[in-house]
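First comes the structure, then the notes that go with it.
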Amino acid sequence: MTRVWGWVGLVVTVLLIVACALPGPAARETAWTTTFTELHAPRSFAQTVALPAGQILVVGGFDPSEPDGMSYKTELIDPLVRVVTELPQRIVGRLHESATLIGGERVLVAGGVERLGDTWSPLDLVDVFDAKTRHWTRAAQLRTSRSDHAAVALADGSVLVIGGNQGTRILSSVERYDPTTDSWKSAAALPRPRTQETAVRLADGRVLVAGGLDEHGSATDTSFLYDPVADPCSGGQRMVLPRVQPRARPLPHSDRALPSRARAPSRSAA
């Protein structure tokens, strides 16, 4: 019996060696290619949002062809037919605003700055784009004009607007938009002011706010956790490096990997 198992082990070993020696599938080569026509006008600092139908909304930004440098045009990129469409309706041109997909069919564009002569003025304006009708409507104004803030859609369909700056003043205030009533209300403030940060909704419904510039105008490695149910905002884990204008995306997870709602005890940002 021992000799039989010995032969079995030898056969398995040989099969493994042969399998490892066989050539695998060819590695897929990846490269950047130009697949679309150009935008109808050059712009920088624009906001882009992927719509449910597969189109990409482009709004705002700096346009050197406009007299005041602001882009008032909205464009839709359609990757399937490789066409860029300029929509006829224009909205107030702005920079450093937020653009958030809400309800699967609408985009909330909030705040930013507009150019008035030689100065940049923070805005409390809010516009909503309807992807079905391709039409813009004016929504209720922010409670505080701001730019360079973070915004994230919550599980109940509301939108959280976080921090930012009002000119040289860095903000800690947080607002919450209810699309069913078209109204804003104040939410729990950040423990410390923050601008040019990122925010992402976690699997358990909390919002992670990370990086940006702190109240001293310095890049920070701190983070905060906001609980939209209990409405407190507490210090979170520090990042490895300070980051300004970072971008965050949730990763795939299993229910067993969900983080604890308890506040992390080490290296907190408070």
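The figures that follow rest on heavy atoms only: side chains count, while hydrogens, waters and symmetry mates do not.
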How would you list all residue pairs meeting salt bridge (charged side-chain N to carboxylate O under 4.0 Å, His left out) that involve residues 63-75, not counting sequence neighbours?
-> Arg43-Glu75, Glu66-Arg90
From CG (Leu225) to CG (Leu202), nearest 0.5 Å = 6.5 Å
Strictly by modelled atom types, are Thr222 and Arg238 linked by a side-chain donor-acceptor pair under 3.5 Å?
-> no
Output all residues satisfying side-chain contact (heavy atoms from CB on, under 4.5 Å) with Leu116, sequence neighbours left out; order by chain, then residue number.
-> Glu114, Thr119, Ser121
In this structure, CD1 of Ile170 is separated from CD of Gln196 (nearest 0.5 Å) by 8.5 Å
For Glu175, what residues pass the side-chain contact (heavy atoms from CB on, under 4.5 Å) criterion, not counting sequence neighbours?
-> Leu142, Arg143, Thr144, Arg146, Trp184
Salt-bridge test for Arg138 and Asp182: reply yes if a basic N is under 4.0 Å from a carboxylate O, no otherwise.
-> no
Under 4.0 Å between a Lys/Arg side-chain N and an Asp/Glu carboxylate O for Asp204 and Arg206?
-> yes
Sequence neighbours excluded - ring-ring contact (aromatic ring centres under 6.0 Å, His included) pairs with any residue from residues 114-173 = Phe129-Trp136
Applying ring-ring contact (aromatic ring centres under 6.0 Å, His included), which residue pairs with at least one partner in residues 63-103 are found, sequence neighbours left out?
-> Phe45-His96
Mark yes or no for whether Ser223, through its side chain, and Gln237, through its backbone, hold a donor-acceptor pair below 3.5 Å.
-> yes
Just checking, any donor-acceptor pair under 3.5 angstrom between side chains of Thr195 and Asn165?
-> yes
Spell out, as yes or no, whether a donor-acceptor pair under 3.5 Å connects the side chain of Gln166 to the backbone of Ser145.
-> yes
Residues two or more places apart in sequence or in another chain: which of them pass side-chain contact (heavy atoms from CB on, under 4.5 Å) with Thr168?
-> none
Does a side-chain N-to-carboxylate-O contact under 4.0 Å join Lys185 and Asp231?
-> no
